[in-house]
Protein chains: 2
Amino acid sequence: MDERKQRVLQAVVQDYIESAEPVGSRTIARRHDLGVSPATIRNEMADLEMLGYLEHIHTSSGRIPSSMGYRFYVDGLMQPKRLTDEEKEQIDLWYRARVKRIEEVFQETARLISHVTKNVALVLAPQMTKSAFRCLQFLPLDDRRSVAVLMTDAGFIENRIVAMPSGASFEDFQRMARVINDCLAGCTLDAIPKAAYRKIRAEISDETLYEAALDVIRRALDGTDGKKRLYLGGTREILSQPEFRDVERVKEILLMLEEEELLKEILSAHLGDGLRVTIGQENDYKGIQDCSIVTATYHLDGELLGTIAVLGPTRMEYGKAMSLLGYMNEHLSDVVRRLGWQG
Amino acid sequence: MDERKQRVLQAVVQDYIESAEPVGSRTIARRHDLGVSPATIRNEMADLEMLGYLEHIHTSSGRIPSSMGYRFYVDGLMQPKRLTDEEKEQIDLWYRARVKRIEEVFQETARLISHVTKNVALVLAPQMTKSAFRCLQFLPLDDRRSVAVLMTDAGFIENRIVAMPSGASFEDFQRMARVINDCLAGCTLDAIPKAAYRKIRAEISDETLYEAALDVIRRALDGTDGKKRLYLGGTREILSQPEFRDVERVKEILLMLEEEELLKEILSAHLGDGLRVTIGQENDYKGIQDCSIVTATYHLDGELLGTIAVLGPTRMEYGKAMSLLGYMNEHLSDVVRRLGWQG
DNA sequence: GTTAGCACTCATTCGCCCCGAGTGCCAACG
DNA sequence: CGTTGGCACTCGGGGCGAATGAGTGCTAAC
């Protein structure tokens, strides 16, 4: 593919991303300074179509890029846009103004991304169960119940009300906590070895108390896993995309966005690959083969990681999405740290 | 207004709610057994229009109810529908299956209501700051930080990481907690008297420690107030309403639904009135004068209360919405209690 | 290799007509 | 006097065809 073809392809993709209308040879000749006439561009476009980079809806309607065309554009033609200092400032401001509690980081990140890109944003929060047990403590609530507080090395904190079996005192509970803390020290939450349970069993002779201990561990863990991990943003924003002018189309995508498991799967598939773009038919899942996804994985101090993503029509501002995610990727952990999650 | 007019009005409202199309005299004669001819019904409808209960888009298109018409229907004509045992069973199942943690109750309630009514659901959670201070406890995290856990009488639990000033030991913090617990006992969180602060000041002589104490209290409180209190559900469901066939209309309502403060205001205005219906032009806020809101306030053991609401086009199944909210109203506190929030 | 010219293709828009649902009024009926 | 049937009138919506315009593909000339 020669230089000029590339420039034509670039022009087509850029114009189409901007206008959302099939673009014709004349338009390109007018708006881009290629130094050739529309007729020549027509010839080039016909060639590009032969090569699979452009598509025709029908004879006589401008061309639109194919998935392959977008791919070539993203890989080579697009000039990677960096965020300006001003934009970075804005992002920082957004966090300062809106995120008061660590739990809000993910939701607000999704909102921010969708707001900037005008597309759907997905944020997959790190799994608490992947981090290591630090300690379990009890606080007295009343004579029948106490509050179990579970902390992990990554700084997750969970609290939960547990009933105390009649006959057991708060002191019994505190002793129990010490045993559990000893036995589970350093265990990753989703992989507590059988041996640890045996050790607890050995330490706690009282049957009811042992049952209570198990219950506490179970309850402390189960909430953490069932906890919402996928945050969505921008289901409103996509309405401004011409692709979703028709309500049926909107319903379709919203229906899909409710399938949390499916989305998690899609995002998990991209885990660990840094910044990555999947375009149109490159998607495995059929329902979004007219959409593209840009994903980035972020790290929080070493082990823990999650994924942030932008989902939108193939006609997406890839440069913007990529630079934004790239920035978030680097700085999300800073934000989290500033908010006091992790030292 | 005589008996027959009422039956005609009832027929018009019911048919319109069902079909979303303006209803004509012939349709009513066919579908409702009023024992009179379409001509007679036409006359009655003309009268009802004079009286303000029905409206005409223009000559020769069936009638649709006015706000006043809906009001008359809701107040007198509608037969109040009770939930069947089966439906109640379903609701209970929903909660059992989906609500694992107390924090999810409100979001899931919103989802449930929107799912059943096919309209937007709003749930205003009770304010933590309206409940009374029970105790503040510290848990050690590492040598520089500890976790402050705040509990209130209503069973709210908040946790937050606080830095310990250098030089202060964990024991200092625990002493501080005891002082704070003494001084704030029984105070409502949003109305801590000046005297309480003076008392703390008097008890804690060390300047840095006092600052730290204030910071802890402030931080424990500020998160609780900033915490999300309004839960939305069903922004997808309303797409199936013919009123929102046009994307512009959808955008409009979604935009409004983002104005959290506005929504809180609207709901707060209905606080404490039990089950209440506001129809079309009865709404103060102009943006929803073609919508109706059904609200109900629920109580959680005495003091604490919040509001649940259904927001939809005036052509709403009032009976369904009201019976559902009525039920939720009575049983939400049961659900909460079962999940262990409050004894 | 590039360009101008020309015939051809569709999608869209507009006007037009017709149909059907519905009203409003009037006259007749019991 | 209330009820009914009949009839003229009114719109909205669907279907049809012509005009428009953006765009292509091809060919011949530069």
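In the text below, chain A, chain B and the rest are named by the order of the sequence lines, each starting its count at 1.
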In whole angstroms, the gap separating P of C/dT23 from CE of B/Met50 amounts to 14 Å

Answer yes or no: is there a side-chain heavy-atom contact under 4.5 Å between A/His56 and A/Ser61?
no

What does the B/S/- profile of nucleotides 13-18 of chain D look like, 5' to 3', with a 4.0 Å heavy-atom cutoff to protein?
------

Phosphate OP1/OP2 of D/dT4 contacted by B/Thr40 side-chain N/O (<4.0 Å)
yes

Geometric class of the B/Tyr53/B/Phe72 ring pair [parallel <30°, tilted 30-60°, perpendicular >60°]:
perpendicular

Anything under 3.5 Å between a protein N or O and an N or O of nucleotides 7-9 of chain C, put it in a table, one pair a line.
unit_1	atom_1	unit_2	atom_2	d
C/dT9	O2	A/Ser60	OG	2.5

Once you round it to whole Å, what is the distance between P of D/dA22 and CD1 of A/Ile41?
17 Å

Would you please confirm or rule out a distance under 4.0 Å between OP1 or OP2 of D/dT24 and any side-chain N or O of A/His56?
no

So does A/Cys291 get a backbone contact from the side chain of A/Asn283, meaning a donor-acceptor N/O pair under 3.5 Å?
yes

Student check: side-chain heavy atoms of A/Ile238 and A/Leu311 closer than 4.5 Å:
no

Find the distance A/Leu34:CG to C/dG1:C1' and express it as a whole number of Å.
16 Å

Which whole-number value in Å describes the distance from B/Asp2 CG to D/dG2 P?
11 Å

Got a second to check how far B/Ser292's OG is from B/Met316's CE, nearest 0.5 Å?
5.5 Å

Roughly how many Å is it from CD1 in A/Ile64 to P in C/dA11, rounded to a whole number?
14 Å

Side-chain N or O of B/Arg4 closer than 4.0 Å to phosphate OP1/OP2 of D/dT3
yes

After noting the C-alpha distance and the side-chain angles of B/His115 and B/Arg111, does the key distance pass the side-chain contact (heavy atoms from CB on, under 4.5 Å) rule?
CA-CA 6 Å; B/His115 183 75; B/Arg111 244 182 228 149; over 6 Å; no

Please confirm whether any donor atom in the side chain of A/Arg42 sits under 3.5 Å from an acceptor in the base of C/dG5, or the reverse.
yes

Here the distance between atom C1' of D/dT24 and atom NE2 of A/His58, to the nearest Å, is 11 Å

Residue B/Glu89 excluded, over 12 heavy atoms near CD under 6.0 Å:
no

Would you check if the side chain of B/Ser66 reaches a backbone N or O of B/Gly52 as a donor-acceptor pair within less than 3.5 Å?
yes

Given C/dA4, C/dG24, D/dT24, identify the nucleotide with an atom nearest to the side chain of A/Ala39.
C/dA4

So among B/Glu21, B/Glu55, B/Glu49, which one has a salt bridge (Lys or Arg N to Asp or Glu O under 4.0 Å) with B/Arg63?
B/Glu49

Flag the pair B/Arg249 and B/Asp290 as a salt bridge only when some basic side-chain nitrogen lies within less than 4.0 angstrom of an acidic carboxylate oxygen.
yes

Rounded off to whole Å, could you give me the CG-to-C1' distance for the A/Asp15 and D/dA22 pair?
15 Å

Note: for B/Ile57 and B/Pro38 on DNA chain D, the residue whose nearest nucleotide lies more 5' is B/Pro38

Can you list, by residue number, the residues of residues 18-26 of chain B that have a non-hydrogen atom closer than 4.0 angstrom to DNA chain D?
none

Thinking salt bridges, do B/Arg31 and B/Glu18 make one under a 4.0 Å N-O criterion?
yes

Hey, what do you get for CG (A/Leu275) to OG1 (A/Thr297), rounding to the nearest 0.5 Å?
9.0 Å

Separation of C/dT2 atom P from A/Met45 atom CE, nearest Å, is 16 Å

If the cut-off is 4.0 Å, is A/Arg63 near the phosphate of D/dT24, judged by side-chain N/O to OP1 or OP2?
yes

